[in-house]
Amino acid sequence: MTLSDQPVVPGISISADGQATVDQSMTEVLFDLALKLEGPTGQPVDVQHVLAAIVIAARRGELDAEVRISADDQALVLVLTPHIETVFGQYGGVVGQDD
């Protein structure tokens with residue numbers, strides 16, 4: 001993380017140009033959240049979708065930037081579900097430059 005990076009939640013930050021940085025310790029959490037979010041959204045959720053939903057939720061003040069996220073947090077799944085639906089509904093599920 002550089003000085004210009006803004007923390008989103010512990011383990012995830014975003015640069016001024018919109019590039020997200022994810023600590024390796026968060027990859028399994030994001031993967032597990034993707035699996036949990038497929039059911040309520042009915043979408044083929046992957047880690048990038050979860051990351052986008054986390055950034056959206058954080059920017060809207062729905063996540064505490066000081067609290068590490070957990071895949072076992074059902075309240076987090078409820079917060080992220082509408083943002084996953086937004087990613088698919090408004091952007092066709094395309095996130096990032098690699099898609």
Side-chain angles (χ1 to χ4, degrees):
M1 186 165 86
T2 66
L3 291 177
S4 64
D5 289 351
Q6 295 292 317
V8 177
V9 293
I12 300 173
S13 61
I14 193 160
S15 68
D17 66 353
Q19 286 291 102
T21 302
V22 179
D23 291 348
Q24 187 164 348
S25 65
M26 295 301 297
T27 56
E28 188 171 331
V29 173
L30 295 176
F31 180 78
D32 290 345
L33 281 168
L35 292 175
K36 289 186 178 194
L37 286 160
E38 284 187 346
T41 64
Q43 300 292 341
V45 180
D46 67 22
V47 170
Q48 289 184 331
H49 299 126
V50 175
L51 186 56
I54 288 170
V55 171
I56 293 168
R59 286 186 173 167
R60 292 187 175 186
E62 298 170 351
L63 298 179
D64 185 339
E66 303 296 318
V67 176
R68 184 170 287 277
I69 61 171
S70 166
D72 296 326
D73 185 348
Q74 187 58 35
L76 176 63
V77 171
L78 292 174
V79 166
L80 296 180
T81 296
H83 300 306
I84 293 290
E85 292 169 346
T86 296
V87 169
F88 280 91
Q90 290 186 3
Y91 306 104
V94 177
V95 293
Q97 296 175 353
D98 295 338
D99 285 350

Enquirer: With sequence neighbours excluded, give me every salt bridge (charged side-chain N to carboxylate O under 4.0 Å, His left out) pair touching residues 65-86.
Expert: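 Matches after skipping sequence neighbours: K36-D72.
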Enquirer: Got a sec, which residues hit side chain to side chain contact (heavy atoms under 4.5 Å, CB included) with A57, two or more places apart in sequence or on another chain?
Expert: E62, L63, V79, L80, H83
Enquirer: Quick one: list whatever passes side chain to side chain contact (heavy atoms under 4.5 Å, CB included) with L30, sequence neighbours left out.
Expert: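 By the side chain to side chain contact (heavy atoms under 4.5 Å, CB included) rule, L30 matches I12, V22, V47, V50, I54, I69.
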Enquirer: If you compare all heavy atoms of I84 against all heavy atoms of A53, which two are closest, and at what distance to 0.1 Å?
Expert: CD1-CB, 3.7 Å
Enquirer: Check D46 against Q48 and note the closest heavy-atom contact, atom names and distance.
Expert: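 D46 and Q48 have their closest heavy atoms at OD1-N, 3.0 Å.
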Enquirer: Taking C-beta and beyond as the side chain, do L37 and V77 meet within less than 4.5 Å on heavy atoms?
Expert: yes
Enquirer: Of L35, T27, V29, which meets side chain to side chain contact (heavy atoms under 4.5 Å, CB included) against F31?
Expert: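 Of all the options given, the one that passes is L35.
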Enquirer: Mind listing the closest non-hydrogen atom pair of A65 and P10 along with its distance?
Expert: O-CD, 3.2 Å
Enquirer: I need the minimum non-hydrogen distance between L33 and A71, along with the two atoms involved.
Expert: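 Heavy atoms only, the tightest pair is CD2-CA, 3.8 Å.
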Enquirer: Sorted by first residue and then second, give each salt bridge (charged side-chain N to carboxylate O under 4.0 Å, His left out) pair with at least one member in residues 19-34; sequence neighbours left out.
Expert: none
Enquirer: Taking only residues two or more places apart in sequence, or in another chain, which ones meet V55 in a side chain to side chain contact (heavy atoms under 4.5 Å, CB included)?
Expert: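 Side chain to side chain contact (heavy atoms under 4.5 Å, CB included) list for V55, sorted by chain: V8, I14, R59.
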